[in-house]
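Okay, structure first, notes after.
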Amino acid sequence: MEKSHIFFNRELSWIEFNARVLYEAQRKEKPLTERLKLISIVSTNFDEFFMVRVAGLKRQALKNPEEKDIAGLTPAEQLIRISRRVHEIDTIRNQVLHQDILQAFAQNGIEYISPEQYTEEQKGFTRHIFNQEIFPLLTPLKTEGNIFPYVTNLKLYGAFALSPLPNIEQVKTPFVPEEPQTPIAIVGIPSNLSQIITLPSYSEKKQFTLLEDIVQTYATQLFPGYTVTETLLFRVTRDADFPVEENISVNLTLAMERVLEKRQESLVVRLQCTDTSTFIRTFLMEKLQVNKTDVYTTSGILTPTSLLPITEWPEMQALHGEKWEHFFPYQFEKNQPVWDTLKQRDILLHVPYESYEPVVDFIKKAADDPLTLSIKMTLYRTSDNSPIIKALERAARKGKQVTVFVELKARFNEKQNISWAAKLEKAGATVVRGILNFKVHAKILLVIRREETEICRYLHLSTGNYNDKTAKAYVDLSLFTTNQELAKDATLFFNIISGYSIIPPMQRLLMAPVNLKSRLLELIDREIQHSIPEAPGLIVAKMNNLCDKELIQALYKASTAGVRVLLNVRGICVLMPGVPGLSENIEVISIIDHYLEHSRIFYFQNAGAEELYLSSADWMPRNMERRIELMFPILQKDIFQELKDILFLYFQDTEQSHQLCSDGHWLPKLPKPGEEPVRVQRKLYHRYKKREESKSQSPTLDFVVRR
């Protein structure tokens, strides 16, 4: 078998992840609001995909047209396949939205009304809304000759073909030197108004229309002396894949600001539009310089995300399904200082089943505690109005040594992170604004306190970002510990990334790009060495993406040596499972459910001396070679067993799991005849719910000695 035939294409694999999300949106047994959110997720995912991955491929097709990817495809071949598959998914998405979800909403009392369905009363109402609230904000822009106005990335526009009214004398002005035969004007749909307009109705249903519908309906008022003959809604996706100019003579903040500016002026890589006017669509394609394969049309609502506010309406509460709580971890005793608790045992936090409050509270307490000397942490993505940033500012103002590594190159969070860095510096914190040629993607927090007889270090390590908002929807795992080996390694880690230092050996932490990948390869090879037919080796790994060639080849080698490999990969997987003589011992599943799976867990059987790790890193070249990442072992016996149980449980799922076939197709994993279906997220939720309910029945906790 040729080497290029043992890997899937990265981009097509990522598209199939979105196909799995869309599959979940099609399931009628799911709550309606969740199905609408899944449709919107596919839409926003494709926005970023075109801005970054497709834009990069288009540039590569010009510079290195013959260069092939890991699957043996040239950039042009990839672009053709991407366009074909995304068009297929777009068609399904639009059908699901209009023919299924919106109709189901109507059956439940929430009805979308298009302009042609307006009653006389609704026509009067929408006309009034247009004249009083919308018209003053609209700016019609002409497009004659070589003039074409700048179109903002991902903003919704209306385009209107015009015809002069008969028997009306056209007054020539110097602003229109030569009128085209069929003038076309474009109008930006205001993004600072509500996109959903509730309509008056005598029906028992709550009826609504969209702002874009009203603009299209009454657009003629924008063009005195003309009538609108054809209309079309459109939005463009622009290239956002710009490298940062990184060298020691360039200020990184200024370099990032230049990147943000370039994004606003970049080339169009996708045109999305309604199918209401072939004439206008052809005109836009010419002016925006896009090919037919880059045009994606729909016969209905162009941006499903505009419907999301509906999910928060009181009338929708009954359609949300079971509400899942976030339980406060029983290990944190509210009447006991966190420092005393952590001296007794490590604590594992599993969000969003468990509340993220202990992390925020940990930083707040450190900020306000007079014994705290220093706080050091990394920030990759955090929330708007972040309580963590506020606590760090407060700590710095109180004179504590606060050092924060703010990654300015976190894509699409650059502007916010630049702002956070400035705020923290103003408060007196030491801010390291990224590292030359690397992204700091590790999630680590170190608090140092002066206690009665010694300096004590308290450590938090995580698989996910310090973001209190996403912690309500992303499945992540983190560890609170005072383990001395881990704490010393954490101190070394911060020194390495902040100053001048050779890379000292660390006892427990593994760091990319230093030794994380080499250690993973060693762990896989060790499993091969231990594996015998009577007792085959076992590797179980959970991650978001898998596309590192060396690691995949190591897994292929393990499979041929008889090692069983179980992989839970949420998104991209270019590994080809189930190929005879190569990967027949490898199983790959993917779970799409209520929460977004984001944790990375790696287990190695090691001939019975099991090892288990958590990490911030996926198995991708960028994580292993171009990012600062951490992998850390689980050393405490009870936490080790709990994590192992969680990891293995995923492979029992037969409700929300898909299995990857050797031909690249993902098939739903179903229960065997007579078996009860298993939904791992529901099972985990009820596990934590049961713990919450048993709190009052457990007056004392058994303390576990670290392994």
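The basis for the numbers below is simple: all heavy atoms, side chains too, and nothing from hydrogens, waters or symmetry mates. For clarity, every value in this text was computed on a predicted model and none was experimentally measured.
Note: Ser615 OG to Leu461 CG = 10.5 Å, rounded to the nearest 0.5 Å. Going from atom CG of Asp548 over to atom CG of Leu575 covers 11.5 Å, rounded to the nearest 0.5 Å. For the atom pair NZ of Lys542 and CZ of Phe648, the computed distance is 14.5 Å after rounding to the nearest 0.5 Å. Rounding to the nearest 0.5 Å places CG of Leu348 at 5.0 Å from CG of Leu643. With values rounded to the nearest 0.5 angstrom, Glu625 atom CD is found 4.5 Å from Lys517 atom NZ. Distance check, rounded to the nearest 0.5 Å: OH of Tyr380 to CG of Asn467 gives 13.0 Å.
Relative ring orientation between Trp14 and Phe46 is described as perpendicular, the plane-to-plane angle rising above 60° on a 0-90° scale split at 30° and 60°. Ring geometry for Phe602 against Trp619 counts as tilted: the plane angle lies between 30° and 60°, on a 0 to 90° scale. Between His460 and Phe362, the two ring planes are tilted [angle within 30° to 60°].
Arg27 contributes no side-chain N or O that, together with a main-chain N or O of Arg35, makes up a donor-acceptor pair within less than 3.5 Å. Between the side chain of Arg394 and the main chain of Ala367, no donor-acceptor pair closer than 3.5 Å is present. The closest donor-acceptor contact from the side chain of Ser386 to the backbone of Ile388 lies under 3.5 Å. A donor-acceptor pair under 3.5 Å is formed between the side chain of Asn545 and the backbone N or O of Ile572. With hydrogens and angles ignored, the 3.5 Å screen pairs a side-chain donor or acceptor of Arg345 with a backbone N or O of Gln331. Without hydrogens or angle criteria, Glu451 side chain to Cys456 main chain gives no donor-acceptor distance under 3.5 Å. Formation of a donor-acceptor pair under 3.5 Å by the Glu587 side chain with backbone atoms of Leu566 is not found in this model. Lys669 places no side-chain N or O within donor-acceptor distance of the main-chain N or O of Leu667, the cut-off being under 3.5 Å.
Counting heavy atoms from C-beta outward, Gln656 and Gln681 have side chains that stay 4.5 Å or more apart. In this structure, Glu325 and Tyr688 have side chains that are not in contact, with every pair of non-hydrogen atoms separated by 4.5 Å or more. Side chains of Ile497 and Phe438 form no contact here, defined as non-hydrogen atoms less than 4.5 Å apart. A 4.5 Å side-chain heavy-atom check between Asn568 and Met543 finds every atom pair outside the cut-off. Within the 4.5 Å cutoff, no side-chain heavy atoms of Leu319 are placed close to those of Pro31. Cys573 has its side chain within reach of Leu660: a pair of non-hydrogen atoms, C-beta onward, lies under 4.5 Å apart. Counting heavy atoms from C-beta on, the side chains of Pro329 and Leu349 come closer than 4.5 Å. Lys683 has its side chain out of reach of Asp653: every pair of non-hydrogen atoms, C-beta onward, lies at least 4.5 Å apart.
Under the 4.0 Å criterion applied to side-chain N and carboxylate O atoms, Arg600 and Asp618 are assigned as salt-bridge partners. A salt bridge is absent between Glu393 and Lys423: the closest approach of a Lys/Arg side-chain nitrogen to an acidic carboxylate oxygen does not fall below 4.0 angstrom. The pair Glu642-Arg687 fails the salt-bridge criterion, with no side-chain N (NZ, NE, NH1 or NH2) lying under 4.0 Å from an Asp/Glu carboxylate O. Using a 4.0 Å cut-off between charged side-chain N and carboxylate O, Arg682 and Glu322 make a salt bridge. Between Arg53 and Glu11 there is a salt bridge, with a side-chain nitrogen of the basic residue lying less than 4.0 Å from a carboxylate oxygen of the acidic one.
Contact between Val406 and Asn417 at its shortest, heavy atoms only, is CG1-O, 3.6 Å.
Within 6.0 Å of NZ on Lys469 lie more than 12 heavy atoms contributed by other residues, nucleotides or ligands. By the 6.0 Å contact criterion, NZ on Lys644 is enclosed, its count of non-hydrogen atoms from other residues, nucleotides or ligands being greater than 12. Crowding of Arg450 atom CZ: a count of heavy atoms from other residues, nucleotides or ligands under 6.0 Å not exceeding 12. Residue-environment remark: NZ (Lys30) exceeds the threshold of 12 foreign heavy atoms within 6.0 Å. Applying the 6.0 Å contact sphere to CD of Gln401 captures no more than 12 heavy atoms from other residues, nucleotides or ligands. Under a cut-off of 6.0 angstrom, the local environment of OH in Tyr474 is sparse, with at most 12 non-hydrogen atoms contributed by other residues, nucleotides or ligands.
Looking only at atom types and distance, the side chain of Gln641 has a donor-acceptor partner in the side chain of Asp645 under 3.5 Å away. His320 and Thr33 share a donor-acceptor pair across their side chains, judged by distance under 3.5 Å alone. Between Asn385 and Lys390, the side chains place a donor N or O and an acceptor N or O closer than 3.5 Å (distance only, hydrogens not considered).
You'll find the ring centres of Phe480 and Phe332 inside the 6.0 Å limit. Aromatic rings of Tyr23 and Trp666 (six-membered ring for Trp) have centroids beyond the 6.0 Å cut-off, not under it.
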Check the pair Leu516, Met511 against side-chain contact (heavy atoms from CB on, under 4.5 Å), reporting the backbone distance first and the verdict last.
-> CA-CA 5 Å; Leu516 197 160; Met511 175 182 173; 5.9 Å; no
Could you give me the CA-CA distance, side-chain angles and deciding distance for Lys37 and Leu308, then say whether side-chain contact (heavy atoms from CB on, under 4.5 Å) is met?
-> CA-CA 7 Å; Lys37 288 176 183 177; Leu308 284 178; 3.9 Å; yes
Output, in order, the C-alpha distance, side-chain angles, deciding distance and verdict of side-chain contact (heavy atoms from CB on, under 4.5 Å) for Asn495 and Lys376.
-> CA-CA 10 Å; Asn495 290 343; Lys376 299 182 181 184; 4.1 Å; yes
Determine, stepwise, if the pair Met624 / Leu520 fulfils side-chain contact (heavy atoms from CB on, under 4.5 Å).
-> CA-CA 10 Å; Met624 297 296 153; Leu520 284 171; 3.8 Å; yes
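Taking the ring centre of Phe632 as origin, the terminal cationic atom of Arg508 falls outside the region bounded by 6.0 Å and 45° from the ring axis. Remark: Lys689 fails to qualify as a cation-pi partner of Tyr685 under the 6.0 Å distance and 45° angle criteria applied to the six-membered ring.
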